[in-house]
Amino acid sequence: MKDLFSSYRSASDSKTEAGPDKIRAGDGSLWSLADAKTSPSPRSLRSRPWGLWRYREVLPDAPEDYVGLGEGGTPLVPLTLGRARFDAKVEYMSPTGSFKDRGAAVMLAVAASWGVDRCAVDSSGNAAAAVAAYAAFFGMRCDVFVPTANSPSKLAQPSMHGAEVHRIDGSRADVAQAAMAFVEGSDAFYASHVYCPFFYEGTKTYAYEIWEQLGGRAPDSIVLPVGNGTLVLGAAKGFRELRAAGCIDRLPRIVAVQAAACAPLASAWEEGSETVAGCDAGETAAEGIAIAAPPRGDEILRAVRETDGEIMTVSDSAVRDARAQLARRGFFVETTAAVSAAALLQRPDLCGEGRSVVVPLCGSGLKGG
Ligand SMILES: *Cc1c(COP(=O)(O)O)cnc(C)c1O
């Protein structure tokens with residue numbers, strides 16, 4: 001793990017000094033950023049506008065006069081579904097309709113401060129929309145690589161933002177390969193929600209917001225969908241930082257949920273393994289988390305283990321049922337975004353007596369898919 005937190009904060013020379021503009025570190029490992037050593041004080045928070053950048057002590061600097069698209073600051077609302085009582089964090093109220101805006105806003109703010117004017121990303125949908133929107137905001141050219149098999153409705157959004165959409169036949173891994181080959185052969189920045197460590201600096205604000213919304217406490221557990229782990233790893237980092245800063249005294253348990261048809265992390269977890277072998281890419285309606293070989297798989301296992309958490313699976317029919325139940329309560333989410341609710345319908349014991357549980361509603365049903 002590279003300690004970049006101090007070096008990237010001195011923005012002027014960070015591109016050459018820190019180097020996470022390269023896809024991998026020199027030794028082939030993935031970039032990670034050290035945890036922040038400071039925290040925002042409750043007093044300074046009181047006077048700041050609600051939204052992602054109120055946690056500026058623990059974030060890279062936003063460009064001067066940055067306004068943004070209104071990222072962060074999503075509502076937390078109590079919800080009872082079947083026998084499960086929890087708080088739903090309504091992430092689909094983000095600017096492009098998913099929590100990926102948290103990561104894209106921070107990652108592209110950093111890239112803009114480096115003078116990047118062209119970026120590329122591969123995604124099954126929501127990350128492409130988020131990166132395309134923030135690339136448009138910062139005036140960057142953007143190339144997005146998506147699987148041909150994905151919901152066509154998800155391609156409209158990045159192309160409306162002006163991105164060039166490349167549809168790639170093959171697996172999700174083939175799509176990533178195509179994007180990386182494109183980056184190697186051009187001057188584009190790889191704005192990857194998986195590889196770029198700054199993305200997780202954005203998604204960690206998910207934890208900071210929950211902490212504030214619960215009145216300065218951590219919940220007992222957070223139930224999160226997991227494919228590549230952009231929310232799991234970000235949330236884990238945020239709560240770790242809050243604990244290190246003395247804002248909370250224990251980490252919430254992370255219950256990470258995979259689709260049964262594509263569950264390499266759940267398999268590794270069941271076997272008690274510390275590494276993820278990868279699996280065959282099974283078909284699932286939860287296309288947003290169908291990742292057969294997550295590049296940060298081992299990191300995800302460690303993050304869940306550190307919280308005394310667990311990794312479980314849900315079937316497609318359970319996810320569809322949860323999505324329908326959410327919709328009947330007024331919450332319109334895309335199929336993948338019903339994964340955590342499906343897990344709680346299956347395991348209401350996770351919300352037992354007096355326990356506080358937070359579940360993200362990750363993506364909007366208006367996108368289709
Ligand atoms: C990105 C995403 C996820 C999960 O993210 P991973 O980084 O693959 O773990 C879950 N739901 C939705 C709707 C998403 O867009």
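Just so you know, ligand 1 is whichever comes first in the structure, and atom 1 is the first atom listed for that ligand.
At least one N or O atom of N126 sits closer than 3.5 Å to an N or O atom of ligand 1. Close N/O approach between T230 and ligand 1 is found [any backbone or side-chain N/O within under 3.5 Å]. Any N or O atom pair closer than 3.5 Å counts here, and G229 shares at least one such pair with ligand 1. Considering backbone and side-chain atoms alike, N228 places an N or O below 3.5 Å from some N or O of ligand 1.
The protein non-hydrogen atom at the shortest distance from atom 12 (C) of ligand 1 is C362 CB, 3.7 Å.
Using modelled atom types and a 3.5 Å distance limit, the side chains of D298 and T275 yield no donor-acceptor pair. With no hydrogens or angles considered, a side-chain donor-acceptor pair links R102 and T205 at under 3.5 Å. There is no side-chain donor-acceptor pair under 3.5 Å between W50 and E209. For the residue pair T313 and Q258, no side-chain donor N or O sits within less than 3.5 Å of a side-chain acceptor on the partner. No donor-acceptor contact under 3.5 angstrom links the side chains of E334 and Y92, judged on distance only. Side-chain atoms of E212 and Y55 form a donor-acceptor pair, as typed in the model, at a separation below 3.5 Å. Judged purely by distance below 3.5 Å, without hydrogens or angles, the side chains of Y190 and D122 pair a donor atom with an acceptor atom.
Each of the following atoms of ligand 1 lies closer than 4.0 Å to a heavy atom of V226: 9 (O). Close contacts of ligand 1 with P225, meaning ligand atoms under 4.0 Å from a residue heavy atom, involve 10 (C). Annotation for ligand 1: atoms under 4.0 Å from non-hydrogen atoms of I289 are 3 (C), 4 (C), 10 (C). Counting the atoms of ligand 1 from 1 in the order shown, those under 4.0 Å from a heavy atom of G227 are 6 (P), 8 (O), 9 (O).
The option from E287, K100, E334, K367 that lies nearest to atom 1 (C) of ligand 1, judged by heavy atoms, is K100.
T336 counts as a contact of ligand 1, since one of its heavy atoms falls under 4.0 Å from the ligand.
At most 12 heavy atoms of other shown residues, nucleotides or ligands fall within 6.0 angstrom of atom CE in M93.
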